[in-house]
Amino acid sequence: MILQFGIIFLFLAIGEFIVWSTGIPVPSSIIGMILLAASLKAGIIKPRHVERLSNFLVRNLGFFFVPAGVGLMNCLGLISKEWLPIVVAAVGSTIIIIAVTGWVHRFVRKVFSHKATSKDELQKIG
Amino acid sequence: MDFLTNKFLLIAATFIFYLGSQLLQKRTGVKLLNPILLAIAAMIGFLLLFDIDYKTYQAGGEYIDFWLKPAVVALGLPLYKQLSTIKKQLLPLLISELAGCVAGIVSVVLIAKLLGASHEVIMSLAPKAVTTPIAMEISSAVGGIPSLTAAVVVCTGIFGGMAGFKIIKISRIKSPIAQGLSIGTAAHAVGTSAAMERSERYGAFSSLGLTLNGLFTAMLSPFILHLIGVY
């Protein structure tokens with residue numbers, strides 16, 4: 001387990017270093033995630049080296065968002081004044097994003113890829 | 001009474017409220033009783049009741065916040081497992097992701113503006129589809145209120161996680177890849193954990209969605225906001 005923690009935090013630290021040294025406006029955690037996937041792909045790390053901690057963290061992701069959500073209490077005044085635009089815009093835009101992303105994906109797939117791969121994909125996912 | 005501001009007590013309370021909410025959802029089987037949402041509401045109620053401010057709560061809460069970053073790194077594992085599919089479909093994934101990103105920012109801004117939201121609220125809402133650290137960064141860069149952004153981001157994630165699969169069904173998105181991708185694009189890590197509950201493969205494409213949308217939003221949102229004339 002110590003190894004698993006060590007690897008996850010090492011990748012986070014590398015992400016932090018890249019952000020610190022280049023100043024790019026991307027969170028260190030996202031860079032760490034991409035580098036972890038790349039290192040697994042390159043075979044530098046084996047899935048079993050991170051599997052236990054990774055599964056635990058990913059499964060409980062929602063819990064880690066609770067304190068940020070509690071931050072709502074700091075803007076209760078603003079929210080009570082403008083709750084309608086906030087709620088309608090957030091909900092409406094979420095629906096639009098899901099539909100647009102899915103539709104464009106289907107459209108581009110139709111234009112670019114072969115029937116064989118899509119059948120293949122459906123079978124794999126089952 | 002002063003002991004109620006003890007950070008370990010506040011951390012324990014967060015765990016207990018979350019566990020209680022999970023239990024409540026399991027017992028009643030009501031999907032709407034989202035444990036994240038309930039835990040947030042219960043925690044706010046607790047803090048207001050005992051007159052504890054958010055800053056005091058965060059003395060403990062930051063230790064929970066802290067795990068968000070390693071948890072996002074951990075998403076690298078499910079992402080790795082789907083790399084070969086991603087490679088095969090790189091172009092459709094990138095294009096649909098870009099469309100989702102632009103549609104998301106434009107729609108949230110226009111709807112909020114139409115309904116008369118103030119400028120700072122509009123700017124706080126603009127990056128609401130992406131994960132908290134990126135969203136808060138963008139929000140403060142374009143003149144929004146980062147704490148409002150964080151709260152809206154979390155609520156958007158909860159909504160996307162709860163209603164996302166319904167929306168997918170109604171909009172007839174059939175490909176499981178597109179389904180996972182759109183959930184992650186719209187509802188970041190919270191949506192991803194909901195997708196992960198369905199299957200690891202959904203979760204992987206959802207984490208791809210959150211990554212790409214995070215990157216695109218970070219790079220493009222000032223530009224898009226400028227184009228639609230609000231920034």
Side-chain angles (χ1 to χ4, degrees), chain A residues 8-9 11-12 25-30 32-34 36-37 40-41 47 50-51 53-54 57-59 61-75 78 82 84-86 88-102 104-106 108-109 112-113 117 121 125, chain B residues 14 18 36 39-40 43-44 54 61 64-65 67-77 79-80 83 91-92 95-96 99-100 103-104 107-108 111-112 115 117 121 125 128-129 132-134 147-148 150-152 154 156 159-160 167 171 173 176 178 182 185-186 189-190 193 201 211 214 218:
Chain A
I8 295 286
F9 276 99
F11 277 94
L12 184 53
V26 177
S28 53
S29 54
I30 299 249
M33 165 172 97
I34 294 169
L36 176 62
L40 285 161
K41 173 81 185 159
V50 286
E51 211 145 40
L53 180 59
S54 168
L57 289 172
V58 169
R59 253 183 237 141
L61 239 153
F63 174 72
F64 305 125
F65 278 97
V66 172
V70 175
L72 260 175
M73 67 183 283
N74 261 355
C75 16
L78 195 63
E82 301 193 27
L84 187 77
I86 294 175
V88 176
V91 167
S93 152
T94 301
I95 296 171
I96 290 173
I97 296 176
I98 292 178
V100 168
T101 310
V104 173
H105 183 266
R106 181 170 58 197
V108 179
R109 276 277 304 274
F112 283 100
S113 79
T117 49
E121 170 205 317
I125 294 165
Chain B
T14 312
Y18 191 79
I36 311 169
I40 292 170
M43 200 66 228
I44 292 180
Y54 183 59
I64 299 170
D65 259 345
W67 290 97
L68 263 179
K69 284 190 171 208
V72 170
V73 174
L75 287 171
L77 180 64
L79 191 62
Y80 152 75
L83 273 183
L91 202 61
I95 296 176
S96 52
S107 64
V108 77
I111 296 172
L115 293 174
V121 166
L125 288 175
K128 64 106 188 61
T132 27
I134 311 185
S147 66
L148 176 62
V152 175
V154 175
T156 299
F159 172 71
I167 301 167
S171 49
I173 298 165
S182 18
T185 308
V190 180
S193 77
R201 199 170 161 102
T211 306

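Computed from a prediction, not measured in an experiment: that's the story for all the values here. Quick note on labels: first sequence line is chain A, next is B, and so on, each numbered from 1.
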Where on [X] is there a heavy atom nearer than 4.5 Å to chain A: the side chain, the backbone, both, or neither?
{"X": "B:Val190", "result": "both"}
{"X": "B:Leu125", "result": "side chain"}
{"X": "B:Tyr54", "result": "both"}

Practice problem: Please examine the side chains of B:Ile64 and B:Thr14, heavy atoms only from C-beta on, and report whether any two atoms are closer than 4.5 Å. | Solution: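 A side-chain contact exists here, since the closest heavy-atom pair is under 4.5 Å.
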Self-check item: chain B contact via A:Phe9 - which portion, at a heavy-atom distance below 4.5 Å
Solution: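 Interface part for A:Phe9: side chain.
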Quiz prompt | Segment of A:Leu78 engaging chain B (4.5 angstrom heavy-atom cut-off) | solution = side chain
Choice from [options] maximising heavy atom contacts with chain B below 4.5 Å:
{"options": "A:Ile95, A:Val66, A:Leu72, A:Leu53", "result": "A:Val66"}
{"options": "A:Phe63, A:Phe65, A:Phe11", "result": "A:Phe63"}
{"options": "A:Leu12, A:Leu40, A:Leu36", "result": "A:Leu40"}
{"options": "A:Leu84, A:Val91, A:Ile96, A:Val100", "result": "A:Val91"}
{"options": "A:Gly32, A:Ser54, A:Pro47", "result": "A:Ser54"}

[atom1]/[X] to [atom2]/[Y] distance, rounded to the nearest 0.5 angstrom?
{"X": "B:Lys128", "Y": "A:Ile86", "atom1": "NZ", "atom2": "CD1", "result": "12.5 Å"}
{"X": "A:Arg106", "Y": "A:Thr101", "atom1": "CZ", "atom2": "OG1", "result": "12.5 Å"}
{"X": "A:Ser93", "Y": "B:Ile111", "atom1": "OG", "atom2": "CD1", "result": "6.5 Å"}
{"X": "B:Ile173", "Y": "B:Ser182", "atom1": "CD1", "atom2": "OG", "result": "4.5 Å"}
{"X": "A:Leu57", "Y": "B:Leu77", "atom1": "CG", "atom2": "CG", "result": "11.0 Å"}

Practice problem: Compare every heavy atom of B:Thr132 with every heavy atom of A:Ala68, then report the nearest pair and how far apart it is. | Solution: CB-CG2, 4.5 Å
Quiz prompt | Heavy-atom pair count under 4.5 Å with chain A, highest-scoring of B:Ala39, B:Ala151, B:Ala150, B:Ser147 | solution =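 Looking at each option in turn, the highest pair count goes to B:Ala151.
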Exercise. Heavy atoms only, distances under 4.5 angstrom: which of B:Ile40, B:Val154, B:Asp65 has the most pairs with chain A? Name it, please.
Key: B:Ile40
Exercise. Given side-chain contact (heavy atoms from CB on, under 4.5 Å), test B:Leu75 with A:Leu61 step by step and report yes or no.
Key: CA-CA 10 Å; B:Leu75 287 171; A:Leu61 239 153; 4.2 Å; yes
